[in-house]
Number of protein chains: 4
Amino acid sequence: MEYKTGNQNKTSLIIEAAAKVFANRGYSGTLMADIAAEAGIGKGTIYEYFPSKEGLFFAVFEWFVQITKAEAKIGISALGGSVSERLMALNDALLRSWLDMLDMYSLVMEFWSASASSQMRQRFKLAFREGYRDFRQIVSALIRDGVEKGEFQPEVDAESVAAALVGAWDALLLQAWFDEDFDPLTTSREFMNVLINGLISKPQVVSSA
Amino acid sequence: MEYKTGNQNKTSLIIEAAAKVFANRGYSGTLMADIAAEAGIGKGTIYEYFPSKEGLFFAVFEWFVQITKAEAKIGISALGGSVSERLMALNDALLRSWLDMLDMYSLVMEFWSASASSQMRQRFKLAFREGYRDFRQIVSALIRDGVEKGEFQPEVDAESVAAALVGAWDALLLQAWFDEDFDPLTTSREFMNVLINGLISKPQVVSSA
Amino acid sequence: MEYKTGNQNKTSLIIEAAAKVFANRGYSGTLMADIAAEAGIGKGTIYEYFPSKEGLFFAVFEWFVQITKAEAKIGISALGGSVSERLMALNDALLRSWLDMLDMYSLVMEFWSASASSQMRQRFKLAFREGYRDFRQIVSALIRDGVEKGEFQPEVDAESVAAALVGAWDALLLQAWFDEDFDPLTTSREFMNVLINGLISKPQVVSSA
Amino acid sequence: MEYKTGNQNKTSLIIEAAAKVFANRGYSGTLMADIAAEAGIGKGTIYEYFPSKEGLFFAVFEWFVQITKAEAKIGISALGGSVSERLMALNDALLRSWLDMLDMYSLVMEFWSASASSQMRQRFKLAFREGYRDFRQIVSALIRDGVEKGEFQPEVDAESVAAALVGAWDALLLQAWFDEDFDPLTTSREFMNVLINGLISKPQVVSSA
DNA sequence: CATGAATGAGGCTTCATTCAT
DNA sequence: GATGAATGAAGCCTCATTCAT
């Protein structure tokens with residue numbers, strides 16, 4: 001009825017329509033008819049390209065992972081400068097690109113939920129695990145770089161910081177999704193200042209229980 | 001039929017049975033009949049205590065929020081010592097209590113997903129927002145305390161660090177849920193070392209794009 | 001809406017309603033809704049008793065086989081007299097009982113068709129094979145009895161005659177179903193006269209290609 | 001794509017492909033796409049030659065009736081000799097020609113079933129009635145010939161015997177289709193011996209209920 | 001109070017048929 | 001003529017909810 005996106009083929013037309021509807025209504029709240037209507041095609045046509053609702057959902061997931069990874073890579077490869085600067089730049093790039101599609105964030109929650117239940121559990125869980133691993137690796141490589149260059153303290157456990165950082169980004173967006181008054185970009189930058197400071201400064205030991 | 005966990009009343013019997021089943025099968029994968037079977041009661045009985053599946057789900061959510069908050073309070077109130085030490089102790093307490101019920105973590109994902117799908121969106125979204133706000137407040141109060149006591153640097157933005165920290169905890173558990181080889185406790189402690197170091201040390205300024 | 005048949009239980013209520021509708025509209029022409037309406041119950045109720053349309057169809061088949069066998073047994077056990085007389089009496093009894101339910105004959109055709117195609121092929125095919133074997137056996141036992149008693153010629157191959165006879169009965173009813181002007185009872189009696197005569201009389205050999 | 005059976009035209013190409021698929025999967029189990037694939041043509045092409053699935057099915061039926069009749073005529077016209085011999089020869093010829101295409105037998109069952117289900121009922125029912133009548137007539141003519149020539153007893157009711165005989169042939173093939181261990185040719189010959197004996201021998205009267 | 005048999009609205013999916021190329 | 005991508009009517013089945021016992 002009103003296509004305009006440069007959808008090369010019908011497959012991606014459907015995926016994008018589905019993404020929109022899944023994001024708005026959730027997996028089980030979404031009717032195949034809604035997707036068809038959103039895509040401006042007949043209900044049956046979807047089944048020419050995808051085997052089932054579940055199959056389509058997974059295709060949306062893969063599409064989503066792919067564009068997310070692509071964004072991340074761009075954000076990372078972009079910059080020169082000190083490792084600290086690059087880390088902060090990565091923070092900005094990621095959050096900005098995500099904020100641009102915050103309305104899609106509910107998709108992520110649908111994916112999480114799918115990975116927790118249902119038939120597709122395994123496929124999703126695996127994909128998430130791999131996705132997080134990849135992402136952690138990218139960030140930890142950056143941090144390790146900082147350690148090797150002497151910019152960061154040698155005691156720093158790059159893996160752990162990367163894992164927590166990746167998680168923090170994720171969760172800041174989550175909070176932004178829940179709370180319109182929450183500004184994740186500013187928040188993250190303040191946080192990054194502290195964290196980077198922690199990476200750079202000679203540690204003051206703390207003990208615990 | 002064989003549940004005797006200290007359920008004072010049938011209401012909590014049903015809630016706990018429902019929590020179990022929702023965690024395993026997801027919201028829409030769960031049948032009322034499954035819950036009744038799990039609780040060892042008749043299907044119709046559920047409707048004596050809850051108005052609908054959705055209502056029961058929300059009750060599970062509230063129950064979950066409550067016990068989670070209770071755990072958190074225990075973790076926080078527990079310790080004395082320096083703020084750094086208390087922060088690290090909080091980290092340990094929270095992660096430990098969550099790890100004990102990691103199999104319930106999928107419930108959180110269901111709740112997230114529910115907050116994204118239109119039917120119950122408002123109720124869940126609101127509850128999550130409040131939950132996160134409360135939690136951020138608790139943590140930011142602690143950090144602010146550190147600033148006021150001179151233990152942490154004055155430039156530190158307590159709110160932001162709290163938000164990111166709360167998020168990082170959440171997301172580390174998420175990663176643990178996806179990845180059995182991932183150890184969130186150790187990871188979090190390494191991360192906390194760096195973060196606390198960043199809070200304590202005099203900042204080395206970093207600029208960015 | 002208007003039950004009156006002495007249906008002890010709902011299972012047979014549904015089976016009988018289904019038999020009626022399957023007989024009138026054929027398997028794939030039958031809607032589950034039709035059956036429910038015919039039985040005066042809700043659509044969903046059928047699924048409390050049968051797993052699927054196919055399962056219900058098979059249940060109808062089994063019910064049909066059972067009552068058919070029961071009829072046959074009555075027909076057979078009934079009479080004394082010479083074997084010839086008993087054979088003729090069997091002929092009459094079978095055809096009469098079938099003619100009483102000729103409107104159900106189309107069910108048989110549905111069953112044949114089901115045995116030829118579809119998922120259920122094996123189950124139906126097997127049941128038909130067994131059904132025919134049983135029936136042949138009953139008839140051949142009778143004929144063999146005639147041979148042993150010296151009433152029939154010793155050269156008679158009881159098995160073969162039984163098989164053909166069983167088939168002839170079947171097929172006469174089939175023709176009656178197609179052709180309202182066809183009188184299978186008279187026809188069969190005339191035929192039986194010839195056949196029994198052939199069993200009794202000393203054979204006049206015939207050769208062929 | 002790879003069919004070159006002497007199909008003069010595409011019409012018969014399609015009919016034969018359809019016959020194959022209908023025989024294997026049954027009417028409603030058959031997809032138009034299957035037929036097109038079997039015929040090595042496009043789905044749409046079928047509609048250039050036939051108005052609908054049902055129309056094609058009926059065309060297959062007519063084609064089937066035609067070749068069956070042709071076979072029967074050949075079998076009948078073939079032989080000289082006594083009527084008994086011709087009858088036996090007919091038996092052999094018919095069964096042999098049918099056994100050669102036993103895998104097509106399931107088509108007959110589909111046709112029967114079609115004649116029972118409401119949509120096409122009339123057309124099929126009529127065709128079957130005519131088919132049986134024709135066939136009975138051919139056989140009864142033969143038997144009457146035997147009576148007239150004094151070879152068979154005058155009391156014989158040619159029509160009835162013909163009807164039963166035609167039915168027996170049909171049903172023996174049916175049993176063969178259900179039961180691979182069943183040998184219809186031998187069976188039929190043993191049966192024919194008895195029957196022909198009954199036609200020839202002076203009758204021994206039998207009375208019944 | 002407790003139950004579970006009964007219900008029927010609702011949704012996914014199939015597939016004969018159409019029609020633009 | 002030939003094609004096969006697109007269609008949407010139609011049907012099986014699910015399952016939250018009700019209510020008579």
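The chains referred to below are lettered A, B, ... by the order of the sequence lines, with proteins before strands, and numbering in each begins at 1.
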Novice: Would you mind reading off the distance between A/D34 atom CG and F/dG8 atom C1', rounded to a whole angstrom?
Specialist: 16 Å
Novice: Only counting residues at least two apart or in another chain, list the ones meeting side-chain hydrogen bond (donor to acceptor under 3.5 Å, both in side chains) with A/T45.
Specialist: none
Novice: Whole-Å distance between E/dA6 C1' and C/K10 NZ?
Specialist: 7 Å
Novice: For D/K43, which residues count as a salt bridge (charged side-chain N to carboxylate O under 4.0 Å, His left out) partner, sequence neighbours excluded?
Specialist: none
Novice: Nearest whole Å is fine: how far is E/dC12 C1' from A/F57 CZ?
Specialist: 16 Å
Novice: Starting at CD1 of C/I14 and ending at P of E/dA5, how long is that distance when rounded to a whole Å?
Specialist: 13 Å
Novice: Only distances under 3.5 Å count here; give the side-chain donor-acceptor pairs of residues 51-65 of chain D to other protein atoms, sequence neighbours excluded, each with its distance to 0.1 Å.
Specialist:
unit_1 : atom_1 : unit_2 : atom_2 : d
D/S52  : OG     : D/E54  : N      : 3.4
D/S52  : OG     : D/G55  : N      : 3.0
D/K53  : NZ     : D/Y27  : O      : 3.0
D/K53  : NZ     : D/T30  : O      : 2.8

Novice: How does each nucleotide of nucleotides 13-21 of chain F score, in 5' to 3' order, for protein heavy atoms under 4.0 Å: base (B), sugar-phosphate only (S), or none (-)?
Specialist: BBSSBB---
Novice: If the condition is side-chain hydrogen bond (donor to acceptor under 3.5 Å, both in side chains), which residues does D/T68 pass it with, not counting sequence neighbours?
Specialist: none
Novice: Below 4.0 angstrom from OP1 or OP2 of F/dA6, is there any side-chain N or O of A/Y49?
Specialist: yes
Novice: Between atom CD1 in B/I46 and atom P in E/dG4, what is the gap in whole Å?
Specialist: 12 Å
Novice: Once salt bridge (charged side-chain N to carboxylate O under 4.0 Å, His left out) is applied, do any residues pair with C/E130, and if so which ones, sequence neighbours excluded?
Specialist: C/R133
Novice: Taking a pair as Watson-Crick (N1 to N3 plus N6-O4 or O6-N4) or G-U wobble (N1-O2 and O6-N3), both under 3.5 Å, which stems of 3 or more consecutive pairs involve DNA chain F?
Specialist: E:2-21 with F:2-21
Novice: Rounded to the nearest Å, what distance is computed from the CD1 atom of residue B/I35 to the P atom of nucleotide E/dT3?
Specialist: 15 Å
Novice: Please find the pair of heavy atoms, one from C/N24 and one from D/R121, that lie closest to each other, and give the distance.
Specialist: O-NH2, 3.1 Å
Novice: Which residues satisfy the side-chain hydrogen bond (donor to acceptor under 3.5 Å, both in side chains) test with C/Y105, sequence neighbours excluded?
Specialist: C/D170
Novice: Under the rule for side-chain hydrogen bond (donor to acceptor under 3.5 Å, both in side chains), what residues qualify as partners of D/S113, not counting sequence neighbours?
Specialist: C/E110
Novice: Under 4.0 Å, counting only non-hydrogen atoms across every strand here, what does B/F50 touch: a base, just sugar-phosphate, or nothing?
Specialist: nothing
Novice: What's the spacing between C/Q122 CD and C/S115 OG if we round to 0.5 Å?
Specialist: 10.0 Å
Novice: Using whole Å, report how far CZ of D/R25 lies from C1' of E/dC15.
Specialist: 14 Å
